[in-house]
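Beneath this line is the structure, given in structure tokens, with notes to follow.
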Amino acid sequence: MSTEVPAAKRDRTHYLYIAVIAAVALGIAVGILFPQLGKELKPLGTGFVNLIKMMISPIIFCTIALGVGSVAKAAKVGRVGGLAIGYFLIMSTVALVIGLVVGNILQPGTGLHLTPEIAEKGQDQIAKSEGTVDFLLGIIPKTLVSAFTEGEVLQTLLVALLAGFALQKLGTKGEPIRRGIEHIQRLVFRILAMIMWAAPVGAFGAIAAVVGETGWKALQSLAVIMLGFYITCALFVFVVLGLIIGLFARVNIFKLLRYLGREFLLILSTSSSESALPRLIAKMEHAGVSKPVVGITVPTGYSFNLDGTAIYLTMASIFIADALDKPLTIGEQISLLVFMIIASKGAAGVTGAGLATLAGGLSSHRPELVDGVGFIVGIDRFMSEARALTNFAGNAVATVLIGTWTNEIDREQLDRTLNGRSPFDEATLLDENASDASAESGKDATQRTLE
């Protein structure tokens, strides 16, 4: 009897990410040497991000509909969702407080004495902000299919949850529909894998454009807040999140982040955590977290668990107030903090959303400070990278934690994955037996609950 082990399929996708790094370096060079050309390359980056965003709604729908539809008890979905939102609220508040404390210690805007010429850009951002009521009403789509055509994550989440619960009610009669959605999911992930080969082009265009627009001179006077923000985000991820996931899930934060290394590189080049959302869903399922937990926690986290955005909002508010020689009192800071806890939930993980939320918060508390938002615009693209990376890390940690707390995680598979013994299939972004395995995992977990 032969004991020869079949040769592992060669992973060629590492060439893709080497190309992304090279494209980023080339984009920086073009932006510095030929700034006008760099600005004209912006559509390349925009086009790539739009391709990724095109896939988000169908991926979220398939993942959640299958996850919820395979669960025998609807109460389990509510338990996972309630636990996730409760955790998100706590962590977002912690992040906001950290940003407030660091902002008061650094006081990066003191001494800048900004001029009124930036008012026009700042006022432009108010129009882009939305109130809490508008945000909540916006969760309901105009039609059943408009959530897919408009690309709204929370609208897609609502429709997917309704479809999943409907599949539960249909029972065995809904089995053909469930299998049909599984086939659509495989098709969607295959399309996404094809799109990823355009990442170097998108990264090149995005980086060249932002360097061409701002140059290095624009960054010099803002180095303190940028450096302070990056350090604060790093401490939040490695210390705060690292301690939490280590204590409650017994997972090494460095191993988890290494497993998601390619996603971090993608986010760094596109400045949008949404560009890696589909891959996070696929990788968390591969790591052993059940489909229902991944399907609910990840999409919800992209609207409710924006730790990096929370830190940015408070630090930027203090920076602008100090730079305009109109510092915020402690009472005003606390009032703004409470507002930001709510407002940050509407800042989806897309480039520029944090800027609009910042303008909305300042306009509701200290309208005269909105003038200073225009000064942030020049470096917002660079700061949004740290926001997106922190948001992504927070959502990855949250998924593992929720899976652990609900006993919806395969610890053996998680250990194999994080230790490199069960590599992720970069070619398909989807395990061929993932759907069946997730369904069985959901049934087993439900049985454990009943027992």
Which pair of non-hydrogen atoms, one from [X] and one from [Y], has the smallest distance, and what is that distance?
X	Y	result
Ala65	Ile181	CB-CD1, 4.3 Å
Gly394	Leu241	CA-CD1, 3.8 Å
Asp307	Ala95	O-CB, 3.5 Å
Phe88	Ala398	CE2-CB, 3.5 Å
Lys255	Leu418	O-CD2, 4.0 Å
Ala84	Ile402	CA-CD1, 3.8 Å

So, the side chain of [X] versus the backbone of [Y]: is there a donor-acceptor pair under 3.5 Å, distance only?
X	Y	result
Glu263	Leu280	no
Asn395	Val298	no
Thr314	Ile311	yes
Ser422	Arg416	no
Asn391	Gly308	yes

Quick one: does [X]'s side chain get under 4.5 Å of [Y]'s, heavy atoms only?
X	Y	answer
Val237	Val397	no
Phe254	Arg258	no
Arg411	Val251	yes

Pairs touching residues 239-251 that satisfy side-chain hydrogen bond (donor to acceptor under 3.5 Å, both in side chains), sequence neighbours left out: none
Rounded to the nearest 0.5 Å, how far does [atom2] of [Y] lie from [atom1] of [X]?
X	Y	atom1	atom2	answer
Leu401	Trp405	CG	CH2	4.5 Å
Leu256	Lys283	CG	NZ	10.0 Å
Ile409	Thr404	CD1	OG1	4.0 Å
Leu266	Arg279	CG	CZ	7.0 Å
Ile98	Thr93	CD1	OG1	11.0 Å
Gln413	Asp415	CD	CG	9.5 Å

Derivation and outcome, side chain to side chain contact (heavy atoms under 4.5 Å, CB included), residues Glu408 and Val294: CA-CA 10 Å; Glu408 291 288 320; Val294 174; over 6 Å; no
Test side chain to side chain contact (heavy atoms under 4.5 Å, CB included) applied to Val102 and Ile318, step by step: CA-CA 10 Å; Val102 174; Ile318 293 175; over 6 Å; no
Criterion side chain to side chain contact (heavy atoms under 4.5 Å, CB included) on Thr390 and Tyr312, from CA distance to verdict: CA-CA 11 Å; Thr390 307; Tyr312 164 82; over 6 Å; no
Geometric class of the Tyr259/Phe424 ring pair [parallel <30°, tilted 30-60°, perpendicular >60°]: perpendicular
side-chain contact (heavy atoms from CB on, under 4.5 Å) partner of Val159, chosen from Ile140, Leu144, Thr143: Leu144
From CA spacing to verdict: side chain to side chain contact (heavy atoms under 4.5 Å, CB included), Thr297, Met284: CA-CA 11 Å; Thr297 305; Met284 287 293 99; over 6 Å; no
Leu243 atom CG, over 12 foreign heavy atoms within 6.0 Å: yes
